[in-house]
2 protein chains.
Amino acid sequence: MKSYHQTCTAAKALDVLGDRWTLLILRELIMQSPCRYTDLANGLPGIASNLLSDRLRALEHAGLIKREAAPPPVAATLFHLTEKGAATEPILAELAVWGTRYAFEVDPEDEFREHWFPFAASVLLRDRDPGAPPVIVQLVTPVGSSTITADSNGVHPRMGTAESSDLTIGGAPPVILRFLSGVITLATAQAEGMTLDGDPAVLDRFQVTTTP
Amino acid sequence: MKSYHQTCTAAKALDVLGDRWTLLILRELIMQSPCRYTDLANGLPGIASNLLSDRLRALEHAGLIKREAAPPPVAATLFHLTEKGAATEPILAELAVWGTRYAFEVDPEDEFREHWFPFAASVLLRDRDPGAPPVIVQLVTPVGSSTITADSNGVHPRMGTAESSDLTIGGAPPVILRFLSGVITLATAQAEGMTLDGDPAVLDRFQVTTTP
DNA sequence: CAGCATCCGCTTTGATACTG
DNA sequence: CAGTATCAAAGCGGATGCTG
């Protein structure tokens, strides 16, 4: 990307992150790091192969990712985030919060990947008390199950079910997202089919933004 | 911008905000709204006139800004943020935080506008106790003075000096930014020429991120 | 198959000039 | 002041080909 050539910290960030696809590549790495080129391509439907290649090179040069040859028998290049790259998560979190509240329309033509939903859900949850005992929230939707863990290392999503959980949230992804982002109330969400199983007080652990 | 066509809230946000210049236009409006076309052009050195025109039309169509004819004797079009547009501030804040920590290099060739510095400083300050009495922080730098007010309406910057302030921070913009973002400690910042005048406890009011 | 590189048609951008 | 008009250059998306 051409630099904006402005002595402004937001503009400097966009000099690195502002290219088309770049932030979505970081979204994939936040969920999947470390992973292979093909895993990234699968999580980024629509990207041209040369562009993915170009962006990965630029991100490596800028110090946000590193590539390493996986040991045999895997024998593939693994891409993973550096600290600098992992630190972009709050940016993606705020994009997801804004997108949920102001730009989320479900188009049946759009592509969908199962791991995008727990990503969106996890960035909406801010742990109010990271020192408290860890909690596990299970998400169960028609498209699959995922688990969100909140402990001293932060709030992190994982695909699949957990052996045990403190709270299980069921329902359609759009309803759960709109509830977690504060667009709709708990009562409205439940009226739209969202279910809670377990200890509802777990929700108080998180800073669920209220509608302004 | 071409849509990514992904059922992902971050991708949906980027469908609206991901075009080149768009987020920087919102930065200007966060600082200057309402303002005129020419004010925006002045705050965005390097933008082509046709691009600014295109982006403003797109932002208006997406509902992030509105344009209104100013009453005489001003007789100019005024652009101002809607709630949807103002809600992008946390995204710019996280970009500025990341940029300060990981991508802030001062290039003497870069353009500079006086209002960019209080913008960057204000987004680094998160009020821990919005219910507490308002505080006023004055920034005094070689390029000008600005004031940051924290009250129940949030943390907001303003150009110029205030009649009174609870704390005055002096020094070079890069040093102040690196201190407020937690890249350097208070002691280091003071060794690099940053000065505090007034009640240093005001700093505790804000969540100044510590270096990881 | 993983990880690109090349080519090509199309769109977007940037720089400048011009207008009501 | 608030934009249009024009045009060259760069970037993007899609297809294909190459190499270990």
Side-chain angles (χ1 to χ4, degrees), chain A residues 1-6 11 14-25 28-29 32-61 65-80 109-111, chain B residues 1-6 11 14-25 28-29 32-61 65-80 109-111:
Chain A
M1 156 163 288
K2 257 188 90 152
S3 167
Y4 288 105
H5 290 296
Q6 298 184 356
L14 288 171
D15 284 348
V16 178
L17 306 172
D19 265 324
R20 188 162 166 80
W21 292 106
T22 296
L23 280 163
L24 294 186
I25 291 171
E28 290 302 308
L29 283 164
Q32 305 197 39
S33 173
C35 66
R36 297 167 303 166
Y37 184 92
T38 324
D39 300 324
L40 292 172
N42 281 334
L44 297 161
I47 196 172
S49 182
N50 56 351
L51 269 194
L52 178 54
S53 178
D54 286 354
R55 295 289 183 268
L56 288 172
R57 211 183 351 252
L59 285 170
E60 188 182 18
H61 188 254
I65 68 173
K66 277 189 176 167
R67 77 181 75 201
E68 276 180 87
V74 182
T77 311
L78 287 183
F79 298 87
H80 61 88
E109 299 287 295
D110 288 350
E111 296 276 351
Chain B
M1 156 162 290
K2 256 188 90 151
S3 168
Y4 288 105
H5 289 297
Q6 298 183 356
L14 288 171
D15 283 348
V16 178
L17 306 171
D19 265 324
R20 188 161 167 79
W21 292 106
T22 297
L23 280 163
L24 295 186
I25 291 171
E28 290 302 309
L29 284 164
Q32 306 196 38
S33 173
C35 66
R36 298 166 303 167
Y37 185 92
T38 323
D39 300 325
L40 291 172
N42 282 333
L44 296 160
I47 196 172
S49 181
N50 55 354
L51 270 195
L52 178 54
S53 178
D54 286 355
R55 295 290 183 269
L56 288 172
R57 213 186 340 262
L59 284 169
E60 187 180 19
H61 188 254
I65 68 174
K66 278 189 175 166
R67 79 180 75 201
E68 277 180 86
V74 183
T77 312
L78 287 184
F79 297 87
H80 61 88
E109 300 287 296
D110 288 350
E111 297 277 350

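Proteins come first, then strands; the chains are lettered A, B, ... in the order of their sequence lines, and each starts at number 1.
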Gap between atoms CD1 and P, on I47(B) and dT16(C) respectively (whole Å): 15 Å
Going from CG on L40(B) to CD1 on I25(B), what distance comes out if it is rounded to the nearest 0.5 angstrom? 7.0 Å
Hey, can you pull the donor-acceptor pairs under 3.5 Å for the side chains in residues 66-75 of chain B, sequence neighbours left out?
residue, atom, partner, partner atom, Å
R67(B), NE, E60(B), OE1, 3.0
R67(B), NH2, E60(B), OE1, 3.0
E68(B), OE2, H80(B), NE2, 2.7

Identify, with sequence neighbours excluded, every residue that meets side-chain hydrogen bond (donor to acceptor under 3.5 Å, both in side chains) alongside S49(B). Y37(B)
Distance (rounded to the nearest 0.5 Å) between R57(A) CZ and L52(A) CG: 10.5 Å
Using side chain to side chain contact (heavy atoms under 4.5 Å, CB included) as the criterion, list what pairs up with A58(B), not counting sequence neighbours. none
Enumerate donor-acceptor pairs with a distance under 3.5 Å from any side-chain N or O in residues 15-22 of chain A to protein atoms, sequence neighbours excluded.
residue, atom, partner, partner atom, Å
D15(A), OD1, Y4(A), N, 2.8
D15(A), OD2, S3(A), OG, 2.9
D19(A), OD2, M1(A), N, 3.0
R20(A), NH1, K2(B), O, 3.0
R20(A), NH2, K2(B), O, 3.2
T22(A), OG1, D19(A), O, 3.4

Listed by chain and number, what are the salt bridge (Lys or Arg N to Asp or Glu O under 4.0 Å) partners of R55(A), not counting sequence neighbours? none
Minimal heavy-atom distance between G43(A) and Q6(B), with the atoms involved, is O-NE2, 4.5 Å
Considering only heavy atoms of chain A and a distance under 4.0 Å, specify the first and last nucleotide of DNA chain D in 5' to 3' order that meet this criterion. dC12(D) to dG14(D)
When you compare the protein's N or O atoms with those of nucleotides 17-20 of chain C, which come within less than 3.5 Å of each other, and at what distance?
none

Strictly below 4.0 Å: does S53(A) bring a side-chain N or O up to OP1 or OP2 of dG3(C)? no
Measure from CD1 on I65(A) to P on dG3(C) and round the result to the nearest Å. 12 Å
Rounded to the nearest 0.5 Å, how far apart are CG of L44(A) and CG of L24(A)? 6.5 Å
Nearest-Å distance, CD1 (I25(A)) to P (dG3(C))? 14 Å
All N/O contacts under 3.5 Å from nucleotides 10-13 of chain C to the protein, with atom names and distances to one decimal?
residue, atom, partner, partner atom, Å
dT13(C), OP1, R55(B), NH2, 2.7
dT13(C), OP2, R55(B), NH2, 2.9

Under the side-chain hydrogen bond (donor to acceptor under 3.5 Å, both in side chains) test, which residues partner N50(B), sequence neighbours left out? none
Starting at CZ of R36(A) and ending at P of dC4(C), how long is that distance when rounded to a whole Å? 14 Å
Atom CZ of F79(A) and atom SG of C35(A): how far apart are they, to the nearest 0.5 Å? 8.0 Å
Divergence of helical axes at both termini of the helix from dC1(C)-dG20(D) to dG20(C)-dC1(D) - five pairs an end, 10° steps: 30°
Checking N42(A) now: which residues fulfil side chain to side chain contact (heavy atoms under 4.5 Å, CB included) with it, not counting sequence neighbours? T38(A)
Which pairs with one or both residues in residues 35-49 of chain B pass salt bridge (Lys or Arg N to Asp or Glu O under 4.0 Å), sequence neighbours excluded? R36(B)-D39(B)
Atom CG of L52(A) and atom P of dC4(C): how far apart are they, to the nearest Å? 8 Å
Select base, sugar-phosphate, or nothing to describe what A76(B) touches, counting heavy atoms under 4.0 Å on all strands. sugar-phosphate
